[in-house]
2 protein chains.
Amino acid sequence: MVRRDDMRYRLRASVIKAMAHPSRLQMLEALEAGELCVCELQRIVGSDISTVSKHLSVMKAAGLVEDEKRGLQVFYRLRVPCVLGFLECVEAVLESRTASGEVACLV
Amino acid sequence: MVRRDDMRYRLRASVIKAMAHPSRLQMLEALEAGELCVCELQRIVGSDISTVSKHLSVMKAAGLVEDEKRGLQVFYRLRVPCVLGFLECVEAVLESRTASGEVACLV
DNA sequence: GCCTTAATTGGCTATTTGGCAAAATAGAAG
DNA sequence: CTTCTATTTTGCCAAATAGCCAATTAAGGC
């Protein structure tokens, strides 16, 4: 028995969770400039191609990106442009974190 | 051996990860109106008090919230007000998700 | 048809996370 | 100093996640 509210927070969390990974953030940022093929994204993040593909499928399922196959390649692009805008806020959190003398390596 | 860039994305991801949980989102939203004690937050999310405390410590470590003990109670408040602003964007993602006919229960 | 390149999927393991319960800590009040 | 209440910490277990490798699928070129 799941309350209506629970579902709302779960949905939101599912989107945020799909962003909550270094490689995925890096890919999202790279996609800000326009669509990229998987092979290009792989060069950018430097992980195994299967790992990159899995990350992309997570973000696709969350609605962050969409894909299109053209020839041999699959191109991914951001689905909602504002996605990266909120990183400014994340930076603000990080700044307030270091400003108050906390170690920067708290990862 | 960690590249400088890696660290940047890891730091960002650590902040986002701290938001990526239904209960934590609910608490952040509740804190938008002002500080609340742990006991109140527990009433809101309905989990075990130890679970709530752990969630709060995760968000505190990430720099999302700060705490202050007054008497027997510990009050938590948002550290960076913009934190909730980005939820609008998350909602946009969710809308685009349902708009394109995807099942809403993709949690 | 066969080979090559691009990407996804499945299988496996290691690590992290979430949640409850029990124990520990901290402050207030008697 | 004992007790009560609020919170945190610890221990444990189940579930989810991340990453690599191998196998598979898909599209093109020959």
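Throughout, a chain's letter reflects where its sequence line sits, starting with A, and its residues are numbered from 1.
When heavy atoms are screened at a 4.0 angstrom cut-off, B/Y76 is found touching the sugar-phosphate backbone but no base atom.
The CZ-C1' distance, from B/R24 to C/dG18, rounds to 9 Å in whole Å. Atom NE2 of B/H21 and atom C1' of C/dT16 are 13 Å apart (whole Å). Following rounding to the nearest Å, A/R43 (CZ) and C/dT5 (P) show an atom-to-atom distance of 14 Å. Atoms CD (A/Q73) and P (C/dT5) sit 13 Å apart, rounded to a whole Å. Taking atom CD on A/E40 and atom P on C/dT5, their separation rounds to 18 Å, with Å as the unit.
Connection of A/V58 to A/L36 is not established within any shared hydrophobic cluster, with ILVMFWY side chains joined at heavy-atom distances below 4.5 Å, either directly or through further cluster members.
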Report, as a single string ordered 5' to 3', how protein heavy atoms within less than 4.0 Å touch nucleotides 25-30 of chain C: B base, S sugar-phosphate only, - not at all. -BBS--
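For B/R12 (side chain) and A/V90 (main-chain N/O), no donor-acceptor pair under 3.5 Å exists by modelled atom type. For A/R24 (side chain) and A/A18 (main-chain N/O), a donor-acceptor pair under 3.5 Å exists by modelled atom type. No donor-acceptor pair under 3.5 Å is formed between the side chain of B/Q73 and the backbone N or O of B/C39.
Chain A approaches DNA chain D within less than 4.0 angstrom (heavy atoms of the protein), and the contacting nucleotides run 5' to 3' from D/dT17 to D/dG28.
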Before giving the answer on side-chain contact (heavy atoms from CB on, under 4.5 Å), spell out for B/L78 and B/L64 the whole-Å C-alpha distance, their side-chain angles and the decisive distance to 0.1 Å. CA-CA 6 Å; B/L78 294 186; B/L64 291 170; over 6 Å; no
With salt bridge (charged side-chain N to carboxylate O under 4.0 Å, His left out) as the test, would you mind laying out the steps for B/R8 and A/E29 before giving the verdict? CA-CA 12 Å; B/R8 195 169 124 250; A/E29 195 173 83; 3.1 Å; yes
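Residue pairs meeting the ring-ring contact (aromatic ring centres under 6.0 Å, His included) criterion with at least one member in residues 54-73 of chain B, sequence neighbours excluded: B/H21-B/H55.
Contacts of B/S50 classified as side chain to side chain donor-acceptor pair (under 3.5 Å), with partners at least two apart in sequence or in another chain: B/D48. Among residues two or more places apart in sequence or in another chain, the salt bridge (Lys or Arg N to Asp or Glu O under 4.0 Å) test is passed with B/R77 by B/E35, B/E66, B/E68.
The heavy-atom pair separating B/P22 from A/R10 by the smallest distance is CG-CG, 3.5 Å.
Within residues 48-58 of chain B, the residues approaching DNA chain D are B/I49, B/S50, B/S53, B/K54, by heavy-atom distance under 4.0 Å.
When side chains are defined from C-beta on, B/R79 does not count as touching B/V65, because their heavy atoms never get closer than 4.5 Å.
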